[in-house]
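Report on the structure given below.
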Protein chains: 2
Amino acid sequence: MISIAIIEDDEDIRESLKILIQTTEDFTCAGTFADAETGLEFLTANPADIVLMDIHLPGMDGIECVRQLKSVHPEMQFIMCTIFQDDNSVFNALKAGATGYLLKNDDPGKIIDAIHELHAGGSPITPQIARRVMESFKRPAVNDAIHLLTKRETEMLGLLAKGFRYKEIADKLCISTETVRKHINNIYQKLHVQSRIEAVNKIFGDRS
Amino acid sequence: MISIAIIEDDEDIRESLKILIQTTEDFTCAGTFADAETGLEFLTANPADIVLMDIHLPGMDGIECVRQLKSVHPEMQFIMCTIFQDDNSVFNALKAGATGYLLKNDDPGKIIDAIHELHAGGSPITPQIARRVMESFKRPAVNDAIHLLTKRETEMLGLLAKGFRYKEIADKLCISTETVRKHINNIYQKLHVQSRIEAVNKIFGDRS
DNA sequence: CCCACAATACCACTTTAGTGTGATTTTTCT
DNA sequence: AGAAAAATCACACTAAAGTGGTATTGTGGG
């Protein structure tokens with residue numbers, strides 16, 4: 001039995017979804033809420049398996065609500081519901097922790113499918129959204145600057161990135177720490193940086 | 001007109017795909033190749049719009065081939081072809097730069113659809129693969145360990161991650177470098193690390 | 001064959017980072 | 001108001017990292 005909660009401000013849609021879920025085998029409705037705050041409060045204490053979450057809500061929006069619930073119950077799954085496919089909102093929702101989404105005017109069968117798909121470990125999203133996710137995930141592939149480095153230097157950089165000391169790198173590669181030092185110096189010159197973390201950021205990309 | 005190249009070692013499949021493409025409106029076949037090396041050489045000089053790439057090939061595999069071609073022609077798109085849905089290979093192919101994939105026993109219509117979808121800016125992948133991509137993209141959102149840190153410490157860590165020296169951080173925040181040193185020491189103790197890069201990796205996640 | 005480059009190694013020296021301890025002030029929470 | 005946590009500063013010391021120069025060996029490309 002999959003427990004499903006609904007957070008949706010439009011009463012008609014909310015009730016339709018509720019009925020749809022209640023009349024579907026294996027699905028049970030864990031509660032319906034008209035705003036993020038109420039839903040957040042209830043679901044924090046009584047987690048559901050899956051939440052159908054409207055993106056546009058009065059007060060706190062659905063994306064923020066996902067973020068907060070996800071931080072408390074990481075295993076809870078979210079499907080975002082929107083009127084139209086606003087790529088950006090959906091994308092942000094995915095970043096916040098949602099796993100899928102559907103359009104409010106999708107037919108009931110599709111909604112049921114999406115929930116099943118999600119519960120089976122899939123991610124109900126359109127190819128367009130998939131592409132955006134993929135593009136942002138396929139991080140800048142590693143900066144072009146890496147081509148400036150030799151094989152050995154690249155290897156060094158990898159170990160540097162992992163936080164090994166010169167001595168440890170030297171032992172690992174069976175060379176002297178002086179050689180390690182030299183290689184790393186060459187790397188810094190090529191990349192125009194003067195510390196380990198700058199080199200790593202330059203090649204593998206910044207975070208934070 | 002969309003030009004499509006095929007790299008596939010099985011002659012029957014290769015020819016079927018070729019015929020499928022040649023007989024479809026708007027599609028033209030830019031060449032067929034039985035191995036990655038030949039395809040790589042030709043396509044480097046004569047880029048196609050889309051490449052249907054087998055994953056398992058004699059010699060260089062399709063994933064490496066994608067990686068190399070993508071580095072030379074970033075705009076070239078790739079659809080991986082596999083016999084069965086080997087999640088891991090597909091996932092690696094996506095990391096290497098492929099945008100979609102299909103199964104060799106998908107029916108012709110589905111193959112045509114996938115190509116159109118790709119060309120239209122979508123990403124033909126199954127929900128299962130989408131989920132994996134999403135999960136790795138939605139990276140641990142910042143390690144839980146960060147909750148151990150105070151506001152000021154988190155701020156420090158952010159600057160540390162960017163590669164600022166203690167002195168620079170001190171100037172930026174108008175405090176003494178001794179204070180900076182102290183904060184950072186506290187961070188290291190809380191995270192059980194003993195260097196800047198380890199702390200950064202612990203919180204923001206490793207790369208490479 | 002020779003040159004350029006990569007990889008190896010050493011030394012001397014400076015700077016930055018990290019450790020240990022202690023103390024004062026400000027905030028925050030109860 | 002009072003205790004706890006956070007933020008501030010200082011000093012002494014050690015360990016690592018980074019800089020600059022020099023030299024040898026092997027290897028691949030012209």
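None of the values given here were measured: they were computed from a predicted structure. Within every chain, numbering begins at 1; the chains are lettered A, B, ... in the order of the sequence lines, protein sequences first and strands thereafter.
Looking at heavy-atom distances under 4.0 Å, A:Arg196 makes contact with sugar-phosphate atoms alone, never a base. Among the protein residues, A:Thr150 comes within range of the sugar-phosphate backbone only, with heavy atoms under 4.0 Å from sugar or phosphate atoms but none that close to a base. Base contact: B:Glu178 has a heavy atom under 4.0 Å from a base atom.
Residue pairs satisfying the ring pair (Phe, Tyr, Trp, His ring centres under 6.0 Å) criterion with at least one member in residues 166-202 of chain A, sequence neighbours excluded, are absent. Within the structure, every pair that satisfies the salt bridge (charged side-chain N to carboxylate O under 4.0 Å, His left out) test and touches residues 46-63 of chain A, not counting sequence neighbours, is listed here: A:Asp54-A:Lys104. The stretch residues 9-21 of chain A participates, sequence neighbours left out, in no salt bridge (charged side-chain N to carboxylate O under 4.0 Å, His left out) pair at all. Each salt bridge (charged side-chain N to carboxylate O under 4.0 Å, His left out) pair with one or both residues in residues 35-47 of chain B, not counting sequence neighbours, would appear here, but there are none. Each ring pair (Phe, Tyr, Trp, His ring centres under 6.0 Å) pair with one or both residues in residues 34-90 of chain B, not counting sequence neighbours, appears once here: B:Phe33-B:Phe42.
Mapping heavy-atom proximity under 4.0 Å, the span of DNA chain D touched by chain B runs 5' to 3' from D:dA6 to D:dC11. Nucleotides of DNA chain C with any atom under 4.0 Å from a heavy atom of chain A span, from 5' to 3', C:dA6 to C:dC11.
Minimum interatomic distance between A:Cys29 and A:Ile6 (heavy atoms only, all atoms of both residues): SG-CD1, 4.3 Å. Taking every heavy atom of both residues into account, A:Lys172 and A:Leu159 meet most closely at CD-CD2, 4.0 Å. B:Gly97 approaches B:Val66 most closely through the heavy-atom pair C-CG1, 3.9 Å.
Side-chain contact between A:Val90 and A:Met80 is absent, with no heavy-atom pair separated by less than 4.5 Å. Contact annotation: the side chain of A:Cys65 never approaches that of A:Leu57 to less than 4.5 Å [non-hydrogen atoms, C-beta and beyond].
Sorted by residue number, the members of residues 163-177 of chain B with any non-hydrogen atom under 4.0 Å from DNA chain C read B:Arg165, B:Tyr166. Contacts between residues 185-193 of chain B and DNA chain C, counted as heavy-atom distances below 4.0 Å, involve B:Asn185, B:Tyr188.
To the nearest 0.5 Å, atom CD1 of residue A:Ile184 and atom CG of residue A:Leu160 are 4.0 Å apart.
A donor-acceptor contact shorter than 3.5 Å is absent between the side chain of B:Asn92 and the backbone of B:Ser89. In terms of modelled atom types and a separation under 3.5 Å, the side chain of A:Lys202 and the main chain of A:Leu191 share a donor-acceptor contact.
An angle of 70°, rounded to 10°, separates the two end axes of the helix from C:dC1-D:dG30 to C:dT30-D:dA1, each defined over five pairs.
Every residue two or more places apart in sequence or in another chain that forms a salt bridge (Lys or Arg N to Asp or Glu O under 4.0 Å) with A:Glu153 is listed here: A:Lys190. In terms of the side chain to side chain contact (heavy atoms under 4.5 Å, CB included) criterion, residue partners of B:Arg131 (sequence neighbours excluded) are, by chain and number, A:Gln77, A:Thr99, A:Leu118, A:Ser123, B:Glu135.
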